[in-house]
Amino acid sequence: MKTAILGPAQRAEALARMAERELDILVVGAGVVGAGTALDAATRGLSTGLVEARDWASGTSSRSSKLIHGGLRYLEMLDFALVREALKERGLLLERLAPHLVKPVPFLYPLQHKGWERWYAGTGVALYDTMSISSGHGRGLPHHRHLSHKRALQVAPCLKKDALVGALQYYDAQMDDARYVATMVRTAAAYDAQVANRARVVGFLREGERVVGARVQDVEGGGEYEIRARQVVNATGVWTDDTQRLIGERGQFHVRASKGIHLVVPKDRIHSTTGLILRTEKSVLFVIPWGRHWIVGTTDTDWNLDKAHPAASSADIDYLLEHVNAVLATPLTRDDVEGVYAGLRPLLAGESDATSKLSREHTVAHPVPGLVVVAGGKYTTYRVMAKDAVDEAVHGLDQRVAESVTEDIPLVGAEGYRALWNARARIAARTGLHVARIEHLLNRYGSLAEELLELVVADPSLGEPLAAADDYLRAEAVYACTHEGARHLDDVLTRRTRISIETFDRGTRSAREVAELIAPALGWERDQIEKEITHYQKRVEAERESQRQPDDLTADAARLGAPDIVPL
């Protein structure tokens, strides 16, 4: 398998090639499900295209809680099938498909009642572990354990002494969601899928009742392409209903958007060696380790406003701070918050008005000949959703097609990762970089870290950290554009790195350095560099203003004060 490079030239070539001849499968939407669908189709030997209106994972798939988990709370709802499926997928990701990107993470569940709660919660966690092991892919995670009041406070000194009578500790897994999707897109491209971001579907091609392709606008270049395909897969998440309207057909199901917001705070604000999971009156609240930070989330509220840029209001932030501070000995304040992000879950519309009770199952439908729709589900089970979508599309191909093989297809960077991890001290000595830098690269790129190190050899200045975001090397900004499809400053600061939520300035102090670093790779003149910086600053200010507003309506209006895409 070749290693796919997704630079500007490859994007232009992919659009041209998709328009040259009829594809077997065209996937619309490059979130985790769309990227997974493209990979599934390509690895079955089908000619495959993938188009995305904005950037890879620019919607829901970059704004999650960044957890790969079985859904412990779904056991309480007696949804055993969903939990079993998700635990199997968690194990596959940890052990085989993406060990460089998916990592174990411990969580502490404080107990507040003596006797019955330890039995009740302990039985659930024990069942969770048992189901994980029985899936055949759960032996890599430590087993849960019961902790006394004293031991729990040793593990998590941040907790108020009277906030618990004891605790349970168990393990799940986490990843950088946007990085995971970008890596999966590269993997699909390595298996000959043609992929293009900033390529918006503006209409579908029809022959009678049948959908035979899509009209795709090159958002960057301004041209329009007719891409013909024997089957089109709509994997647009919370935009599912909008995409369906382009064919003038009422969908067989509807997708509702549920907003979840997260806060990012520095590591030193919460003194703990473990993540936390806390009950709220509506759902659960996570405090998740995230490098030199913590992620606190999430909310779960209905959202009917702008889907591209869901806004976090002041009320949302207060809700999270109030609930996490209920158990913290040293409360968090607004001044502790480095970053805030909001995302929308695509939930299948049901009878309940409470979004927290809508289905997390997924659905696949074939509403008209030539068009498959996949929606709902959880990030963790994206591979199953993708398989089901391609299975449905295959029914319309009228030919024998191989079964899905993605259970055995590691993402690029996985092969050789463990060997390089074992050799990280030698790599550090060879490159002159600190071993912590090598670990950082290996856990973000796996064996593809060698490609970044080659950039540093060619230009040693790229081995220096970014001045205002020193977790990241200068080489990572360049690599984002030359190899990972980043087209704009926002793509680099928000998704290829997480500078936009990991610094108190939200990335504004890094904007000029990064823009000037990536300009040669993207062919920018001075005028475009200035446009990109100005656009990014306006976006950050609009987000800050939205977070000062009291409710969703005013927050949405403030966020829409910044433009979406920078014209080239």
Side-chain angles (χ1 to χ4, degrees), residues 31-33 57-69 71-74 77 86 107 172 174-178 180-181 237-240 255-265 275-288 290 293-324 337-350 352-362 375-382 494-495 498 500-501 543 546-547 549 551-552 555-556 559:
V32 68
V33 176
S58 56
T60 303
S61 296
S62 61
R63 306 178 192 191
S64 73
S65 297
K66 313 193 189 317
L67 293 177
I68 295 293
H69 64 120
L72 185 59
R73 70 188 178 101
Y74 298 117
M77 301 176 187
F107 285 102
D172 257 319
Q174 69 176 163
M175 46 68 222
D176 182 328
D177 47 9
Y180 191 95
V181 173
V238 293
W239 287 272
T240 297
V255 174
R256 279 176 63 181
S258 166
K259 183 179 70 168
I261 83 145
H262 296 80
L263 311 180
V264 183
V265 301
L276 305 173
I277 177 172
L278 311 169
R279 274 190 179 276
T280 70
E281 66 276 11
K282 296 178 182 177
S283 183
V284 294
L285 186 74
F286 287 103
V287 179
I288 305 163
W290 181 253
H293 318 268
W294 297 95
I295 293 175
V296 180
T298 179
T299 57
D300 196 345
T301 55
D302 206 20
W303 180 263
N304 296 301
L305 302 168
D306 179 65
K307 295 187 183 77
H309 302 293
S313 69
S314 180
D316 292 326
I317 296 170
D318 287 343
Y319 172 88
L320 289 183
L321 290 175
E322 177 188 348
H323 281 77
V324 75
V337 177
E338 290 175 291
V340 181
Y341 65 94
L344 301 177
R345 304 174 191 86
L347 302 180
L348 298 179
S352 172
D353 288 332
T355 58
S356 61
K357 295 180 181 176
L358 293 182
S359 175
R360 298 309 302 270
E361 301 281 358
H362 68 272
K378 288 160 41 66
Y379 198 113
T380 303
T381 57
Y382 80 85
T494 306
R495 285 172 291 278
R498 292 308 188 139
S500 66
I501 59 171
E543 287 185 349
S546 71
Q547 291 154 21
Q549 302 307 309
D551 54 39
D552 284 351
D556 180 64
R559 176 60 187 88

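Within the model, atoms CD of E322 and OG1 of T280 stand 10.5 Å from one another, a figure rounded to the nearest 0.5 Å. With rounding to the nearest 0.5 angstrom, the CD1 atom of I317 is 4.5 Å from the CD atom of Q547. Note that CZ of F107 and CG of D172 are 6.5 Å apart. Values are rounded to the nearest 0.5 Å.
The two residues V255 and G237 make their nearest non-hydrogen contact at CG1-O, 3.9 Å. Nearest heavy atom pair, residue S546 against residue A555, reads CB-O, 3.2 Å. When all heavy atoms are compared, the tightest approach of M175 to S64 is CE-OG, 4.4 Å.
Under the 3.5 Å distance criterion, the side-chain polar atoms of S61 are matched with a main-chain donor or acceptor of V32. Here the side chain of R63 pairs no donor or acceptor atom with the backbone of A57 at under 3.5 angstrom. Distance alone, capped at 3.5 Å, places no donor-acceptor pair between the Y379 side chain and the H69 backbone.
Remark: T494 engages D490, S500, Y536, R539 in a side-chain contact (heavy atoms from CB on, under 4.5 Å) (not counting sequence neighbours). By the side chain to side chain donor-acceptor pair (under 3.5 Å) test, H262 pairs with S65, sequence neighbours left out. Partners of D556 according to the salt bridge (charged side-chain N to carboxylate O under 4.0 Å, His left out) rule, which considers only residues two or more places apart in sequence or in another chain, do not exist here. When the side chain to side chain donor-acceptor pair (under 3.5 Å) test is applied to R498, the partners found at least two apart in sequence or on another chain are D176, D177. Residues passing the side chain to side chain donor-acceptor pair (under 3.5 Å) test with D318 are R334, sequence neighbours excluded. Residues forming a side-chain contact (heavy atoms from CB on, under 4.5 Å) with A86 (at least two apart in sequence, or on another chain): K378, T380, T381. Residues forming a side-chain contact (heavy atoms from CB on, under 4.5 Å) with T299 (at least two apart in sequence, or on another chain): I261, Y319, L320. Residues forming a side-chain contact (heavy atoms from CB on, under 4.5 Å) with A315 (at least two apart in sequence, or on another chain): S313. By the ring-ring contact (aromatic ring centres under 6.0 Å, His included) test, H309 pairs with no residue at all, sequence neighbours left out. Q174 meets the side chain to side chain donor-acceptor pair (under 3.5 Å) test with no other residue; sequence neighbours excluded.
Side-chain contact between P346 and T60 is present, with at least one heavy-atom pair separated by less than 4.5 Å.
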Worksheet entry | I288/L67 under side-chain contact (heavy atoms from CB on, under 4.5 Å): CA gap, chis, key distance, verdict | CA-CA 9 Å; I288 305 163; L67 293 177; 4.0 Å; yes
Discussion item. Please evaluate residues W294 and L276 with respect to the criterion side-chain contact (heavy atoms from CB on, under 4.5 Å), reporting the C-alpha separation (whole Å), side-chain torsions for both, the decisive distance (0.1 Å), and the verdict.
Written reply: CA-CA 10 Å; W294 297 95; L276 305 173; over 6 Å; no
Practice prompt. For the pair K66 and I295, evaluate side-chain contact (heavy atoms from CB on, under 4.5 Å) and give the outcome as yes or no after the intermediate values.
Written response: CA-CA 9 Å; K66 313 193 189 317; I295 293 175; 4.0 Å; yes
Fill in: Stepwise side-chain contact (heavy atoms from CB on, under 4.5 Å) test for L344 and K307
CA-CA 8 Å; L344 301 177; K307 295 187 183 77; 4.2 Å; yes
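For the salt bridge (charged side-chain N to carboxylate O under 4.0 Å, His left out) with D302, the lone residue among R345, R256, K259 that qualifies is R256.
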